[in-house]
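Quick notes on the structure that follows.
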2 protein chains.
Amino acid sequence: MAGIKDVAAEAGVSVATVSRVLNDHASVSATARERVLAAVEALGYRPNAVARSLRTHQTRTLGLVISDVMNPYFTELARSVEEEARALGYSVIIGNADERPDLQDHHVTTLLDRRIDGLLVSPTDGGSPRMLEAARAGTPMVFVDRWIPGVDVPVVRSDGRSAVRDLVAHLYGLGHRRLAIIAGPAATTTGRERVDAFREALGAYGLPLPAAYIGQGDFQADSGRRVTEGFLGLAEPPEVVFAADNLMALGALDAVRAHGLRVPEDIGLAAFDDIPWFVHTDPPVTAIARGHGRSR
Amino acid sequence: MAGIKDVAAEAGVSVATVSRVLNDHASVSATARERVLAAVEALGYRPNAVARSLRTHQTRTLGLVISDVMNPYFTELARSVEEEARALGYSVIIGNADERPDLQDHHVTTLLDRRIDGLLVSPTDGGSPRMLEAARAGTPMVFVDRWIPGVDVPVVRSDGRSAVRDLVAHLYGLGHRRLAIIAGPAATTTGRERVDAFREALGAYGLPLPAAYIGQGDFQADSGRRVTEGFLGLAEPPEVVFAADNLMALGALDAVRAHGLRVPEDIGLAAFDDIPWFVHTDPPVTAIARGHGRSR
DNA sequence: CCTCCTCGTGGAATCGATTACATCCGCTGT
DNA sequence: ACAGCGGATGTAATCGATTCCACGAGGAGG
């Protein structure tokens with residue numbers, strides 16, 4: 001593959017000049033520029049990003065480590081991130097942690113080895129040493145959706161609190177009093193936060209949140225099913241089930257249908273995270289939407 | 001950040017020795033190895049992948065350009081690819097073409113600039129000049145799911161033909177005679193291929209495939225809805241609708257439900273590509289499954 | 001007419017690794 | 001005892017770009 005030297009030779013100038021043309025730097029004569037451009041065209045030359053990165057100390061690449069690619073919420077997130085990054089001339093390398101701390105660590109490590117310019121993470125657990133160290137070392141870093149308490153890193157997230165409050169108000173207005181929640185893993189901030197918000201919102205109406213109405217899920221569909229089965233088996237099942245994420249909501253839907261119950265006549269179903277798929281389920285699941293648009 | 005020189009200094013050896021230890025090359029004395037390892041540990045040294053790549057001419061990175069990240073089929077594909085690659089010590093950079101040739105081209109270009117070791121593509125269109133050139137230049141390359149006719153690049157795909165045949169046989173056995181298809185874009189090979197396979201399978205039973213029963217979709221949910229609306233508006237609507245991909249099947253499902261029809265009593269619905277989501281739709285869509293497992 | 005600036009350009013150092021080649025040292029075989 | 005060999009290690013070239021610095025030419029100002 002042709003290198004900058006070949007271009008220089010072809011154009012009859014020095015490599016310095018070629019580089020200057022390519023980065024439209026300082027002063028280059030019109031004729032020189034023309035000849036270089038012609039040579040580039042003729043040889044089909046493309047600059048080697050690896051060499052460039054080594055010299056300039058920047059890769060124009062962002063790392064994004066998400067907890068689960070198969071979760072539409074994160075897929076959508078990844079798409080948005082890539083879109084914005086591309087507009088700014090950056091690339092994004094996506095790492096899928098699959099909710100596994102060891103995988104998360106692996107990705108953070110390789111991304112750091114590649115000297116990415118910045119790291120976006122939605123932490124699966126409390127934070128691996130590698131990540132904490134990176135944060136301390138000053139690697140540009142942002143947490144998305146989830147975060148690690150006590151670590152001084154900016155967080156991008158949608159505040160679920162008010163949305164949850166609105167939801168509970170709505171349900172209360174419909175006359176529902178027995179509300180249950182399928183919670184996320186306690187290791188994640190969003191897992192805990194949504195339960196807290198839910199309990200708080202219920203409290204505002206003087207409603208209790210009995211332990212039996214808190215099911216432990218893991219953000220996967222299966223756990224939603226399992227927990228819902230448990231709810232339905234109670235002597236006094238909840239009137240509404242609130243799932244802390246979309247995947248668990250789908251699982252809940254399955255369980256409800258397996259019991260021959262109908263939504264919303266027999267039991268209510270609500271979810272955090274809206275995804276395009278919900279409109280295809282029957283009936284559509286009520287959801288709290290979170291946008292990924294460019295904020296203004 | 002500490003470099004190999006710092007490690008060498010700390011360990012009291014030359015950079016060459018450090019490099020040898022790190023790549024467990026040739027002969028290094030036990031003591032030297034020990035001291036180097038200690039120094040690495042002490043400094044928290046991590047080799048710079050960029051510099052390494054420049055020197056060795058390999059990035060241990062694969063590029064994967066897919067047509068639509070939001071399509072679960074491709075998401076799943078990406079996950080599998082990454083998994084296998086990781087096991088072999090490779091990373092994967094995913095590019096989302098969003099069914100847009102220009103985006104596809106952009107990603108192929110930047111991936112090539114980054115000197116990836118290999119490229120996996122599921123082409124959106126007939127193939128951009130950049131890709132054809134890369135193929136000709138001998139870039140290790142593989143097409144997945146879709147391909148470009150006439151280009152000498154290995155293709156990985158599941159042969160839909162027999163699956164489609166089986167499906168048609170099944171439907172014929174149930175007594176259905178009027179079968180329609182929602183096709184994919186004609187620019188993609190899979191788009192055309194599935195229609196051909198369908199027509200051929202029908203032909204084996206002496207069934208026709210009238211033009212009115214071929215709807216042009218674009219692999220997106222909306223087009224599935226639109227096409228299905230069309231089918232339902234016909235004087236003699238089909239008994240079964242076959243969607244060439246999962247997203248269009250979901251659209252079709254919506255349209256069917258919007259008309260107050262039930263599946264499969266009133267109309268049959270089948271789809272290429274199985275995805276976990278189908279089990280959550282009501283009723284579950286019949287689908288042709290395609291695995292991504294490691295082949296043995 | 002001479003000095004001084006500016007503009008365009010090339011030479012060479014540099015980024016952080018890998019690796020060919022040279023060197024040195026201690027053994028072994030005769 | 002000495003040639004020769006092989007193991008351990010260091011020196012320096014190299015990968016393909018960017019960029020600092022020096023240098024020559026030409027124009028402006030005194």
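Every chain is numbered from 1, with letters handed out A, B, ... down the list of sequences.
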Tell me the salt bridge (charged side-chain N to carboxylate O under 4.0 Å, His left out) pairs involving residues 39-62 of chain B, sequence neighbours left out?
->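 For residues 39-62 of chain B: A:Asp113-B:Arg46.
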Please, which pairs that meet salt bridge (charged side-chain N to carboxylate O under 4.0 Å, His left out) have at least one residue in residues 7-28 of chain A, sequence neighbours excluded?
->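 Output for this query is empty, none listed.
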Let me know the distance between CD1 of A:Ile4 and P of C:dG10, rounded to the nearest Å.
->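 Result: 12 Å.
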In terms of side-chain geometry, is the basic nitrogen of A:Arg100 or A:Asp98 positioned less than 4.0 Å from the acidic oxygen of its partner?
->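 Looking at A:Asp98 together with A:Arg100, the answer is no, because their closest N to O distance does not fall below 4.0 Å.
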Give the angle between the helix axes at the two ends of the helix from C:dC1-D:dG30 to C:dT30-D:dA1, taking five base pairs at each end and rounding to 10°.
->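 Computed angle between terminal axes is 50°.
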[X] near the nucleic acid: base, sugar-phosphate alone, or nothing, with a heavy-atom cut-off under 4.0 Å?
X	result
A:Ser19	base
A:Ala32	sugar-phosphate
A:Val13	sugar-phosphate

Nearest to side-chain heavy atoms of B:Asn23, which nucleotide of C:dA17, C:dT18, C:dG10 |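 The listed nucleotide nearest to B:Asn23's side chain is C:dT18.
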Side-chain N,O (B:His25) to OP1/OP2 (C:dT19) below 4.0 Å |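 Checking B:His25 against C:dT19: at least one side-chain N or O falls below 4.0 Å of OP1 or OP2.
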Report yes if a side-chain nitrogen or oxygen of A:Ser27 is closer than 4.0 Å to either non-bridging phosphate oxygen (OP1 or OP2) of C:dC7; otherwise report no.
->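 No.
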B:Thr17 or A:Tyr45: which one's nearest nucleotide on DNA chain D is closer to the 5' end?
->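 The residue mapped nearer the 5' terminus is B:Thr17.
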Would you kindly compare A:Val18 and B:Ser14 by the position of their nearest DNA chain D nucleotide and give the one closer to the 5′ end?
->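 Final value for this comparison: B:Ser14.
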Flag if over 12 foreign heavy atoms under 6.0 Å of CD, A:Glu34 |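 Check fails, neighbour count at 12 or below.
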May I ask you to list the residues of residues 53-62 of chain B, by number, that have any heavy atom positioned under 4.0 Å from an atom of DNA chain D?
->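 The answer is B:Leu54, B:Arg55, B:His57.
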Proximity to DNA chain D (any heavy atom under 4.0 Å), residues of residues 106-115 of chain A only |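 Heavy-atom contacts with DNA chain D come from no residue of residues 106-115 of chain A; none.
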Given that B:Val50 and B:Ala16 both sit by DNA chain C, which one's nearest nucleotide is further toward the 5' end?
->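 Its nearest nucleotide lies further toward 5', so the answer is B:Val50.
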Chain A on DNA chain D: first and last contacting nucleotide, 5' to 3', under 4.0 Å to a heavy atom?
->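 Using the under 4.0 Å cut-off, the span is D:dG16 to D:dC20.
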A:His57 and A:Arg115: side chain to side chain contact (heavy atoms under 4.5 Å, CB included), yes or no, with the steps?
-> CA-CA 8 Å; A:His57 296 285; A:Arg115 301 301 191 264; over 6 Å; no
